[in-house]
Amino acid sequence: SEEHDADIPLNVARIYDRQGKLPDARHWYRQAIYIDPFALAPHEGLAAACMKAGDTSAAIAEYRALCALQPENAQRFADAAFAYHKQGDTENARKYAAQAVRLDPNSPAKPLLGS
């Protein structure tokens with residue numbers, strides 16, 4: 001099945017990720033997403049690898065994809081909110097934090113809402 005086809009590039013990506021070879025890891029996470037765009041793990045891995053590489057914009061794209069894939073998951077919106085905050089985009093940071101808090105009143109993104 002397609003989801004198992006995505007396991008191979010995902011596993012390759014994780015090996016490169018553990019070795020700190022972020023460009024290679026990102027390439028293979030993208031290959032896994034291309035094969036199975038609805039799988040969560042490749043988006044999660046790519047988002048984390050992008051953050052580690054300092055590519056916040058690319059990470060945000062993955063966090064937004066995860067929000068779309070799991071719109072009931074507060075942590076997805078919190079992750080997006082923190083990435084927007086790191087980028088200095090207060091408006092989007094607050095928007096995503098607000099959704100995180102709606103889904104989970106104890107969300108770690110709550111401080112991003114300000115007063």
Subject >> Spacing of NZ belonging to Lys86 relative to OG1 belonging to Thr56, to within rounding of 0.5 Å >> reply: 4.5 Å
**OP:** Could you list the residues that satisfy side-chain hydrogen bond (donor to acceptor under 3.5 Å, both in side chains) with Gln70, not counting sequence neighbours?
**Re:** Asn73, Arg76
**OP:** Report the C-alpha separation of Asp79 and Leu66 in whole Å, then their side-chain angles, then the decisive distance to 0.1 Å, and conclude whether the side-chain contact (heavy atoms from CB on, under 4.5 Å) test is met.
**Re:** CA-CA 10 Å; Asp79 290 341; Leu66 286 161; 6.0 Å; no
Subject >> Over all atoms of both residues, closest heavy-atom pair of Phe77 and Pro71 >> reply: CE1-O, 3.5 Å
**OP:** For Arg26, enumerate each residue passing the salt bridge (Lys or Arg N to Asp or Glu O under 4.0 Å) test, keeping only those at least two apart in sequence or located in another chain.
**Re:** Asp55
Subject >> For Asp24, side-chain hydrogen bond (donor to acceptor under 3.5 Å, both in side chains) partners two or more places apart >> reply: none
Subject >> Crowding at CD, Gln19 (>12 non-hydrogen neighbours, <6.0 Å) >> reply: yes
Original post:
Do the non-hydrogen side-chain atoms of His85 and Thr90 ever get within less than 4.5 Å of each other?
Top reply: no
Original post:
Going by side-chain heavy atoms closer than 4.5 Å, which hydrophobic residues are tied to Phe82, directly or by a chain of links?
Top reply: Leu112
**OP:** Just jot down the side-chain hydrogen bond (donor to acceptor under 3.5 Å, both in side chains) partners of Asp89, sequence neighbours excluded, or say none.
**Re:** Asn92
Subject >> Least distance between heavy atoms, Ala6 atom then Ile35 atom >> reply: N-CG2, 3.8 Å
Original post:
At what distance, to the nearest 0.5 angstrom, does OH of Tyr84 lie from CZ of Arg94?
Top reply: 15.5 Å
Subject >> Any pair counted as ring pair (Phe, Tyr, Trp, His ring centres under 6.0 Å), so long as it reaches residues 34-68, sequence neighbours left out >> reply: none
**OP:** For Ala61, check side chain to side chain contact (heavy atoms under 4.5 Å, CB included) against everything at least two apart and list the hits.
**Re:** none
Original post:
Can you name the salt bridge (Lys or Arg N to Asp or Glu O under 4.0 Å) partners of Lys21, sequence neighbours left out?
Top reply: none
Subject >> Residue pair Ala47 / Ala59: nearest heavy atoms and the distance that separates them >> reply: O-CB, 3.6 Å
**OP:** Using the side chain to side chain donor-acceptor pair (under 3.5 Å) rule, collect all pairs that involve residues 100-109, keeping only residues at least two apart or in two chains.
**Re:** Gln99-Arg102
Subject >> Minimum heavy-atom distance Cys67-Tyr96, with the two atoms named >> reply: SG-CE2, 3.9 Å
**OP:** Identify, with sequence neighbours excluded, every residue that meets side-chain hydrogen bond (donor to acceptor under 3.5 Å, both in side chains) alongside Arg14.
**Re:** none
Subject >> Ala78 to Ala100 - nearest heavy-atom pair and separation >> reply: N-CB, 3.7 Å
Subject >> Step-by-step side-chain contact (heavy atoms from CB on, under 4.5 Å) determination, Trp28 to Leu10 >> reply: CA-CA 6 Å; Trp28 287 101; Leu10 178 60; over 6 Å; no
Original post:
Judged by atom type as modelled, is there a donor-acceptor pair below 3.5 Å linking the side chain of Asp17 to the main-chain atoms of Ala13?
Top reply: no
Original post:
For residues 56-66, which residue pairs qualify under salt bridge (Lys or Arg N to Asp or Glu O under 4.0 Å), counting only residues two or more places apart or in two chains?
Top reply: none
Original post:
Below 4.5 Å, heavy atoms only, C-beta onward: do Ile33 and Leu46 meet side chain to side chain?
Top reply: yes
Original post:
Does Met51 share a hydrophobic cluster with Tyr29, counting links as ILVMFWY side-chain heavy atoms below 4.5 Å and allowing steps through other members?
Top reply: no
